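Report on the following structure.
Since the model is a prediction, treat every value here as computed from it, not as a measurement. Reminder, nothing fancy here: chain letters follow the sequence lines and each chain counts from 1.
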There are 2 protein chains.
Amino acid sequence: MGDPTPFAAQPRPTQQDVARRAGVSRALVSLVMRGGDHVATATRDRVLKAADELGYRPNALARSLARRQSRAIGVLINDVSNPYFGGMYACLAREAERSGLDLLVAPGLRTPRSEAGLLDTLLEHQVAGLLLLSPTIRESSLAAYCSTSPTVVIGREVSVSGVDVVTIDEALGARLVVNHLAALGHERIAHITGGSDNRPALDRAAAYRQAMRDLGLTPDQVPGVFAPEGGRDGVRTLLQRGELPTAIFAANDLIAVGAIGALRSAGLRVPEDLSVVGYDDSQLASLDLVDLTSVHQPLERFGQLAVELLIERMAGRRQGSRTERIAPTLVVRSTSGPAPDRS
Amino acid sequence: MGDPTPFAAQPRPTQQDVARRAGVSRALVSLVMRGGDHVATATRDRVLKAADELGYRPNALARSLARRQSRAIGVLINDVSNPYFGGMYACLAREAERSGLDLLVAPGLRTPRSEAGLLDTLLEHQVAGLLLLSPTIRESSLAAYCSTSPTVVIGREVSVSGVDVVTIDEALGARLVVNHLAALGHERIAHITGGSDNRPALDRAAAYRQAMRDLGLTPDQVPGVFAPEGGRDGVRTLLQRGELPTAIFAANDLIAVGAIGALRSAGLRVPEDLSVVGYDDSQLASLDLVDLTSVHQPLERFGQLAVELLIERMAGRRQGSRTERIAPTLVVRSTSGPAPDRS
DNA sequence: GTACGGCATTAGCGCGCGCTAATACTCCGC
DNA sequence: GCGGAGTATTAGCGCGCGCTAATGCCGTAC
């Protein structure tokens with residue numbers, strides 16, 4: 001953790017250098033760079049030419065310092081190695097680019113400890129706002145950080161004043177799945193969860209239980225984690241229990257795929273013997289080889305809304321908190337079918 | 001593209017504020033923050049306490065400006081939505097964290113146009129170094145950027161003086177695949193490429209052809225793209241051609257999975273009728289459901305080496321260029337088997 | 001009592017840039 | 001030839017911080 005090698009700085013040309021070369025004052029160069037008017041065209045061209053010849057590049061640090069504002073927004077990604085966040089991030093990036101914002105990413109590595117440290121880093125870089133993807137940090141700590149900077153939380157329900165939330169409508173998602181399966185005649189629908197240590201998984205499980213009860217069905221929950229192993233182990237648990245459900249609702253696609261693999265190994269056919277439904281509608285689900293029925297989350301919409309809300313808040317156009325729940329849709333593919341007739 | 005709303009800056013406490021509260025001069029606060037010695041313990045504690053009470057957070061911008069160096073390094077990701085880069089990035093992040101470096105990510109969106117713009121952004125943020133993941137930018141432009149800043153290119157062979165390269169040993173990778181298949185009795189081994197517009201795909205294809213020729217086999221190349229559709233279309237092409245190969249070497253896992261899907265749809269069994277081998281050994285390949293034979297790239301090693309080289313160069317400890325080719329390994333799973341006997 | 005050495009603290013410049021208030025330089029009309 | 005309106009340009013402060021040279025303070029030795 002000690003100080004790393006003091007890296008020699010490359011001397012880059014400054015406005016002063018450009019000014020000297022163009023034979024004008026530095027402030028004029030600044031004016032030209034900012035695109036200010038009231039500058040003679042000839043002079044402007046001379047300045048731009050000099051800048052180009054010198055390979056001048058404005059110093060974003062100094063600019064932010066002087067303007068006391070930055071066009072960079074910090075993005076905290078809970079788990080970079082999770083493809084889901086990759087897709088999410090891509091959408092954010094697209095939106096940010098359109099709004100002329102720079103993104104500064106703090107790469108989470110599933111170590112909750114470091115999340116606070118990463119936020120510190122981002123804030124030290126004077127980001128104008130924060131975008132948190134499924135943060136696992138405690139609400140109380142969150143509140144402390146968010147008082148400093150406009151914040152939008154994505155994928156997790158929090159109720160911290162001054163923080164906006166964009167998330168999926170979990171209740172609807174679960175209902176879509178359960179109703180779809182029920183309509184196919186399924187009554188014993190098990191849910192393999194994404195763990196008990198993160199909100200999204202807990203929310204999803206709660207939504208599942210509610211949806212089941214609404215249909216007069218008995219919830220049947222098996223603990224898991226957001227990974228193929230979770231699905232595999234979940235199925236093993238179910239198999240050991242003896243009495244199998246006729247359908248499995250997995251907390252995400254990875255779990256679903258893991259579950260299908262385990263079912264096939266056990267000699268069970270999907271969907272003839274058992275239906276499986278995933279969640280996220282990731283790239284994985286749409287592969288011909290997998291062709292998984294899944295809940296689709298409109299990520300583009302996520303990105304749009306999140307950036308929009310953040311900009312609004314950064315502009316100080318709003319005070320309270322807003323929570324946007326985006327409606328997911330169900331994509332029916334080949335892993336869900338009629339309930340087998342084993343009554 | 002116009003100027004976005006001028007975001008009101010949050011007034012954050014400065015060293016000056018801390019100094020006032022602690023009843024000392026600002027410079028002393030600076031000294032304490034830097035961890036300098038020759039400060040009375042009592043005074044130091046008073047300063048730290050004041051900083052804590054005020055919620056003071058050092059301004060990384062001002063620090064970088066004053067020290068004329070930054071501990072941030074810029075990472076250019078060619079295509080954020082590609083899971084491969086997500087994994088790669090995770091490894092880089094881990095390494096960077098250990099070295100006390102901040103990562104600033106420019107999210108590429110497959111639009112080659114923007115790559116230069118992204119590099120500009122990074123450089124304007126005064127990054128101390130650049131890490132480029134499979135950049136598609138021209139070598140000449142690359143040279144211009146890299147003269148400004150220490151640079152390490154990952155996943156693409158470039159010969160620009162002053163730029164280090166960390167990449168996979170494509171020749172070895174292709175040989176592993178071809179030899180493996182040949183040892184299983186395959187002679188007609190087709191290669192579905194990753195396109196003709198990017199180096200890695202071209203390199204991989206060239207390595208394939210060489211490996212085939214070395215064994216006295218005839219290369220058989222089908223154009224594709226780095227996506228499941230590439231595999232699907234590649235297989236269709238092969239099917240239309242009439243004479244099928246007995247094995248397919250896909251340029252990456254996504255292609256392989258797409259190919260397998262298409263083969264199954266055509267009523268062909270893998271690996272009984274046709275073997276399929278992928279490349280990358282992504283999470284996808286190791287799924288029970290897929291269980292794809294693939295070429296494993298030790299990403300951790302990539303990350304380590306890249307960061308290591310970059311640090312060396314940033315410290316000015318080296319001048320020339322170095323190219324490190326990392327040896328991949330073959331992970332044999334269930335999609336490759338003995339060649340069918342249809343002579 | 002004076003000189004001296006070491007420790008603790010401070011004054012102040014500079015990093016690259018934004019921006020305001022002030023100045024110099026036109027071009028008119030009378 | 002002179003005032004004035006407008007345009008083009010400049011001097012200079014401040015952003016938050018790192019860092020060096022300078023200063024103040026204290027105890028000790030002679």
- Give the minimum heavy-atom separation between V307(B) and A96(B), together with the two atoms involved. CG2-N, 4.4 Å
- Task: State whether R94(B) and E97(B) are salt-bridged, where the test is any N-O pair (Lys NZ or Arg NE/NH1/NH2 against Asp/Glu carboxylate O) under 4.0 Å.
- Result: no
- Task: Check the surroundings of atom CZ in R322(A): do more than 12 heavy atoms from other residues, nucleotides or ligands lie under 6.0 Å from it?
- Result: yes
- Query: Under 3.5 Å, is there a donor-acceptor pair between the E157(B) and T323(B) side chains?
  - Reply: no
- Message: Is there a side-chain contact between R68(A) and the phosphate of dG18(C), meaning an N or O under 4.0 Å from OP1 or OP2?
- Response: no
Restricting to nitrogen or oxygen on both sides, can you table the protein-nucleotides 10-12 of chain C pairs closer than 3.5 Å?
unit_1	atom_1	unit_2	atom_2	d
dT10(C)	OP2	S25(B)	N	3.0
dT10(C)	OP2	S25(B)	OG	2.9

- Determine: side-chain N/O of Q15(A) to OP1/OP2 of dG18(C), distance under 4.0 Å, yes or no. yes
- How many Å lie between CE on M33(B) and C1' on dG16(D), as a whole number? 13 Å
- Which residues, if any, of residues 42-55 of chain B bring a heavy atom under 4.0 Å of DNA chain D? none
- Side chains of S30(B) and R34(B): is there a donor and an acceptor less than 3.5 Å apart? yes
- So, is S30(A) close to the dG18(C) phosphate, meaning a side-chain N or O under 4.0 Å from OP1 or OP2? yes
- Message: Between P on dC26(D) and NE2 on H38(B), what's the gap in Å once rounded to a whole number?
- Response: 19 Å
- Message: Between C1' on dG16(C) and NE2 on H125(B), what's the gap in Å once rounded to a whole number?
- Response: 15 Å
- Sidechain-backbone polar pair: S321(A) side chain, V165(A) backbone, donor-acceptor under 3.5 Å: no
- Message: Between D52(A) and K49(A), does any NZ, NE, NH1 or NH2 come within less than 4.0 Å of an OD or OE carboxylate oxygen?
- Response: no
- Message: Taking the side chain as everything from C-beta on, heavy atoms only, tell me whether L132(B) gets closer than 4.5 Å to L119(B).
- Response: yes
- Task: Look at Q69(A) and dC15(D) and indicate whether a side-chain polar atom (N or O) is within less than 4.0 Å of OP1 or OP2.
- Result: no
- For DNA chain C, find the residues of residues 56-66 of chain B with a heavy-atom distance under 4.0 Å and give them by number; none if there aren't any. L65(B), A66(B)
- Query: Given side chains that start at C-beta, do those of I311(B) and L101(B) come closer than 4.5 Å, heavy atoms only?
  - Reply: yes
- When the distance from CZ of R20(A) to C1' of dT10(D) is rounded to whole Å, what number comes out? 16 Å
- Item | Spacing of L123(A) atom CG relative to dG16(D) atom C1', expressed in whole Å | 16 Å
- Given the options T121(B), L122(B), L123(B), H125(B) meets side-chain contact (heavy atoms from CB on, under 4.5 Å) only with T121(B)
- Query: Below 4.5 Å, heavy atoms only, C-beta onward: do T136(B) and D197(B) meet side chain to side chain?
  - Reply: no
